[in-house]
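In this chain, residues are counted from 1 in sequence order.
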Amino acid sequence: YQNDEFSRFLGTHKMLGPSLLACTMAKYGADTVSVYLPEGLWYDVHSHAAITSPGEWHSQQPLFRDGLFMLPLYAKAGAIIPEMETPENLLSVDGTRGEAGHEGRVQPAGNATDLCLRVFDGAEGGFTLYEDDGATTAYLQGKVRVTPLSLSLGRVESGANATSQVSTLTIAKATGTYAEAPKVRDTRITFVSQDSVRLVTLDGKPLPRVASPEALAALEGTEFGWAVRRSELGQGQAVLVKTGVLPVARAKTVVFEKE
């Protein structure tokens, strides 16, 4: 935001790549903080609440959510953020195994081979995912897998003389490989939007809507579906999608049709 004069003096604000903005706080006893959001549509990553900012300060942003200290974190519309399940052998700084809290967890099921994406609606965007074995320097010899991801916006016919807004997530076929790279994987998507979604399709075929996020989490293997999750921390909501286990060499198109 080189053309935003306020952004030049924001020493406590940090961009994590082009799409995530975090605000730090080190004042003892503080429980809120003022955050400056540049012009555009942003989402509170913790609550999924949407904020349209003309380029202004937003005061009284909470530092604690349900008693847990959480620095403010915002995602730009169009952001595609890869995530992963917590490995069984990953320990917290106190030596215990913790889970990502609240909305920080993509979905309450899955494993480390799943492709987990959090997608923020409202603008077009893209991300290129690079993966390697996570243990050696074989990536220097080209042992990597590359998966292009993109989000586009459009409209489709939804009935007589009617159209609906759609957002299309395209997961291109993966290229390259590395030692023990999975050839098939499940894809789990958290789609965050201001708009309600009435239909989700995978490669042109409607996915069944299940009753709850818990029911979606209970699906296994090649089973697929979608559900809506209301945020526990605010007014936001997200659509959760499970595509089922599919080959990584196959491109996939997930379309979210809005009400």
Side-chain angles (χ1 to χ4, degrees), residues 17-21 37-53 73-83 103-107 110 114-129 147-159 161-174 185-210 213 216 224-231 234-244 246 250-259:
S19 301
L20 292 174
L21 186 153
L37 293 179
E39 182 178 1
L41 173 60
W42 297 83
Y43 291 89
D44 183 321
V45 171
H46 302 307
S47 71
H48 291 161
I51 304 171
T52 300
S53 177
L73 181 63
Y74 302 88
K76 286 176 58 177
I80 302 174
I81 310 297
E83 300 179 323
E103 310 303 329
R105 191 171 172 82
V106 178
Q107 293 185 25
D114 291 351
L115 176 60
C116 299
L117 304 172
R118 199 178 326 193
V119 180
F120 295 89
D121 191 29
E124 298 192 334
F127 189 91
T128 302
L129 176 64
T147 308
L149 312 165
S150 63
L151 178 67
S152 61
L153 308 180
R155 303 189 72 90
V156 297
E157 294 184 1
S158 57
N161 301 317
T163 61
S164 297
Q165 292 182 333
V166 296
S167 295
T168 301
L169 174 66
T170 301
I171 304 170
K173 68 177 183 179
R185 70 187 341 175
D186 207 342
T187 300
R188 295 175 179 270
I189 302 161
T190 300
F191 179 75
V192 184
S193 177
Q194 298 182 94
D195 303 311
S196 296
V197 172
R198 66 182 179 189
L199 177 67
V200 180
T201 64
L202 172 63
D203 297 334
K205 297 180 180 179
L207 294 177
R209 180 171 180 174
V210 299
L216 185 69
F224 45 77
W226 67 283
V228 174
R229 180 177 64 189
R230 307 290 178 180
S231 172
Q235 299 302 313
Q237 65 177 21
V239 172
L240 309 181
V241 178
K242 179 184 183 299
T243 67
L246 296 168
R250 166 184 162 181
K252 307 163 193 70
T253 301
V254 182
V255 177
F256 301 85
E257 185 174 326
K258 304 166 190 177
E259 295 181 348

Contact check, side chains of [X] and [Y], non-hydrogen atoms, under 4.5 Å:
| X | Y | value |
| --- | --- | --- |
| Leu41 | Gln194 | yes |
| Pro82 | Phe127 | yes |
| Leu199 | Arg209 | no |
| Leu153 | Val166 | no |
| Leu240 | Val228 | no |
| Arg250 | Lys173 | no |
| Ile171 | Thr147 | yes |
| Leu21 | Pro38 | yes |

List the atom of [X], the atom of [Y], and the distance in Å for their closest heavy-atom pair.
| X | Y | answer |
| --- | --- | --- |
| Leu20 | Ala75 | CD2-CB, 3.8 Å |
| Ser19 | Ala79 | CB-CB, 3.6 Å |
| Ala123 | Ala77 | CB-O, 3.6 Å |
| Val210 | Ala227 | CG2-CB, 3.7 Å |

Evaluate the criterion side chain to side chain contact (heavy atoms under 4.5 Å, CB included) for residue pair Leu202 and Phe224; output intermediate values, then yes/no. CA-CA 10 Å; Leu202 172 63; Phe224 45 77; 5.6 Å; no
Look up atom [atom1] in [X] and atom [atom2] in [Y], then write down how far apart they are to the nearest 0.5 Å.
| X | Y | atom1 | atom2 | result |
| --- | --- | --- | --- | --- |
| Phe256 | Arg198 | CZ | CZ | 15.0 Å |
| Leu115 | Glu83 | CG | CD | 10.5 Å |
| Lys242 | Cys116 | NZ | SG | 11.0 Å |
| Lys258 | Ser193 | NZ | OG | 4.5 Å |

Whether over 12 other heavy atoms sit under 6.0 Å from Glu259 CD: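 Atom CD in Glu259 is crowded, with more than 12 foreign heavy atoms closer than 6.0 Å.
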Within 6.0 Å of CD in Glu124, more than 12 heavy atoms from elsewhere: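 Atom CD in Glu124 is crowded, with more than 12 foreign heavy atoms closer than 6.0 Å.
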Using the side-chain contact (heavy atoms from CB on, under 4.5 Å) definition, which of the options Leu151, Val254, Asp195 pairs with Ser167? Leu151
Would Leu169 and Phe191 satisfy side chain to side chain contact (heavy atoms under 4.5 Å, CB included), going step by step from the backbone distance to the final call? CA-CA 10 Å; Leu169 174 66; Phe191 179 75; over 6 Å; no
Judged by atom type as modelled, is there a donor-acceptor pair below 3.5 Å linking the side chain of [X] to the main-chain atoms of [Y]?
| X | Y | answer |
| --- | --- | --- |
| Thr243 | Thr187 | yes |
| Arg118 | Val45 | yes |
| Asp203 | Lys252 | no |
| Thr170 | Ser150 | no |
| Tyr43 | Asp121 | yes |
| Trp226 | Leu207 | yes |

Does the pair Glu157 and Ser164 meet the rule for a side chain to side chain contact (heavy atoms under 4.5 Å, CB included), with working shown? CA-CA 6 Å; Glu157 294 184 1; Ser164 297; over 6 Å; no
Could you go through the side chain to side chain contact (heavy atoms under 4.5 Å, CB included) check for Thr190 and Leu117 one step at a time? CA-CA 6 Å; Thr190 300; Leu117 304 172; over 6 Å; no
If the plane angle is over 60° it's perpendicular, under 30° parallel, otherwise tilted; pick one for His48 and Phe120.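 Plane angle over 60°, so perpendicular.
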Residues Arg188 and Asp114 bridged, charged N to O under 4.0 Å: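 Looking at Arg188 and Asp114, the cut-off is met.
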